[in-house]
Amino acid sequence: MRVLNADLFDPRTTMDSDFSPGEAFGSGCADSDFGFAFNDSNFSDRVLRIEIMPDLPETKSDGDGCSTIADWARNRKRRREDFKKEAVLTHADVVGQREEQILNCNMPDTVDGVTYENQDEEDVAMIEESPYDVGLNSNQIGNDNTRSNDSSWNMDCSTVLRVKTIHISSPILAAKSPFFYKLFSNGMRESEQRRVTLRIHASEETALLDLLNFMYTNTLSTTTPTALLDVLMAADKFEVASCMRYCSRLLRNLPMTCESALLYLDLPSSVLMADAVQPLTDAAKQFLAARYKDVTKFQVEVLNLPLAGIEAVFSSDDLQVASEDAVYDFVLKWARTHYPKLEERREVLATRLGRLVRFPYMTCRKLKKVLICNDFDPELASKVVLEALFFKAETPYRQRALASEEANVTYRRFVERAYKYRPVKVVEFELPRQQCLVYLDLKREECAQLFPAGRVYSQAFHLGGQGFFLSAHCNMDQQSSFHCFGLFLGMQEKGSVTFAVDYEFAARSKPTEDYVSKYKGNYTFTGGKAVGYRNLFGTPWTAFMADDSIYFINGILHLRAELTIRQRVCES
């Protein structure tokens with residue numbers, strides 16, 4: 001006669017922590033509802049004994065009073081590392097004898113001549129036992145040396161608040177959770193026991209029961225954010241990826257707030273790393289990035305954001321800032337505010353904050369300041385500045401190639417943001433006279449957005465110690481009364497010096513793709529003044545923007561301004 005092992009699973013089977021619900025039962029059962037079998041002894045082969053312990057001193061005993069996300073965060077914030085210390089799994093508690101195998105060939109439920117005794121036929125309803133009836137001691141637990149070191153097993157049994165007993169189907173639980181699969185199929189003595197004991201804290205009780213019900217029904221009755229977060233934490237703890245996906249989807253469909261978005265980004269690391277939760281954390285990052293897109297309008301709020309919030313905001317390509325110099329200044333200010341100790345500030349800048357700054361798009365003047373900034377480790381400062389300078393020296397084609405390589409990377413150092421002031425390349429000369437060449441590139445779509453009366457400004461550049469800028473306009477030609485493209489040169493309102501400047505505007509054009517001079521002039525600048533030409537190309541806007549326009553090369557308009565100081569006069 002062949003005698004079967006009570007274990008229902010082949011230990012050699014490989015389980016994936018992210019397999020779909022019901023996969024173990026066949027491809028057509030992914031959405032099967034086994035709710036009828038929950039806590040029913042007729043459809044169960046094991047008894048799950050849940051010992052409910054008092055909460056740790058720093059946590060509430062239950063979820064009462066957690067009506068908001070903020071309450072939940074204050075009362076229930078616990079990392080997975082803490083859960084491990086609390087002895088999540090006690091494996092199998094041998095509260096009775098090993099299940100007896102009875103030979104009865106005439107029984108209708110016999111399998112190969114073996115039937116399994118149901119020791120709790122009449123215990124269909126969920127049972128709550130008094131802790132004084134449990135009678136747990138080390139002898140009943142067994143002689144497993146690995147378990148003897150578990151602090152929860154060394155607890156005085158009087159700390160058990162109550163015990164709940166539930167009839168479970170090990171195939172259903174194992175199909176949804178590698179945690180339970182390993183428990184029921186590890187080949188050890190525990191996997192053959194009819195009764196399995198889990199110890200949890202009181203604050204986890206409701207979430208665990210909801211999770212067990214989900215593993216049978218693939219749905220949850222709870223819809224509140226705080227309850228869903230509790231179940232999400234329990235699902236992570238017991239490795240039920242399908243439930244994590246379910247909770248993540250429901251939370252993602254709820255109205256997002258700054259408070260909830262920051263909480264989702266501050267969940268325990270094990271939860272954040274789970275693929276099932278990625279859509280939720282991505283949605284939280286997108287919400288914060290959109291909420292604080294224009295940092296200048298929310299400087300105080302952004303300055304008070306936690307690290308996870310700062311990372312979400314400043315990782316965005318759509319951040320509306322004057323320039324990358326402004327990003328650098330703000331990140332440095334945030335670091336000095338939240339990390340007053342230099343050693344800690346250097347550490348967070350090196351590991352987290354530094355990658356938020358896209359150094360290749362900073363001005364050379366600001367990069368010089370990075371080199372002497374004490375907040376950065378000197379080696380790190382040298383590395384990022386050299387990398388930025390090498391990028392600036394690359395050809396536009398190579399720069400675009402480097403940016404495209406980072407299309408799916410979170411921190412995209414070579415990708416240009418939507419700056420309010422467009423980056424420029426500057427070549428300066430001191431001798432035989434002070435002179436500079438300024439290169440400004442504009443995309444076709446950026447030019448299109450200027451119509452009918454828009455303008456775009458370049459970042460500031462310096463000549464003779466004074467700041468200048470370029471501005472491109474869509475304006476009306478005064479003589480012909482049609483829209484056209486104009487380019488202007490302005491001086492910042494700073495200092496008390498008057499500059500007499502010769503300037504020349506040029507643009508690349510087909511077929512040679514060389515720079516062709518478009519306008520020359522001279523002007524005596526004082527602070528806040530600008531000069532230029534309203535119709536740089538001498539053509540209507542429609543012709544300038546046409547598909548066959550000779551001025552757009554691979555979708556880019558290449559402009560150049562040459563400035564030469566003829567005279568500098570200090571005002572009295």
- Determine, stepwise, if the pair Asn374 / Arg346 fulfils side-chain hydrogen bond (donor to acceptor under 3.5 Å, both in side chains). CA-CA 9 Å; Asn374 191 46; Arg346 280 191 172 185; 3.1 Å; yes
Test: [X] and [Y] ion pair at under 4.0 Å:
X: Asp329; Y: Lys366; value: yes
X: Arg422; Y: Glu446; value: yes
X: Glu311; Y: Lys285; value: no
X: Asp375; Y: Arg345; value: yes

For residues 536-556, pull every pair meeting side chain to side chain donor-acceptor pair (under 3.5 Å), keeping only residues two or more places apart or in separate chains.
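Of all non-adjacent pairs touching residues 536-556, those that pass side chain to side chain donor-acceptor pair (under 3.5 Å) are Lys518-Tyr551.
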Would you call the rings of [X] and [Y] parallel, tilted or perpendicular, where under 30° means parallel and over 60° means perpendicular?
X: His473; Y: Tyr457; value: perpendicular
X: Tyr523; Y: Phe525; value: perpendicular
X: Tyr503; Y: Tyr519; value: tilted

query = Going by heavy atoms in the side chains, are Arg413 and Val384 under 4.5 Å from each other?
reply =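 The answer is no, as the side chains (C-beta and beyond) never meet within the 4.5 Å cut-off.
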_Less than 6.0 angstrom separating the ring centers of Phe552 and Phe544, yes or no?_
yes
Next item on the list: Compute the ring centroids of Tyr439 and Tyr515, then answer whether they are less than 6.0 Å apart.
Entry: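 Between Tyr515 and Tyr439, which both carry aromatic rings, the centre distance is below 6.0 Å.
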Margin query: Going by side-chain contact (heavy atoms from CB on, under 4.5 Å), Arg508 matches just one of Ile553, Ile556, Leu557. Which one?
Written below: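 For Arg508, the side-chain contact (heavy atoms from CB on, under 4.5 Å) test succeeds with only one of Ile553, Ile556, Leu557, which is Ile553.
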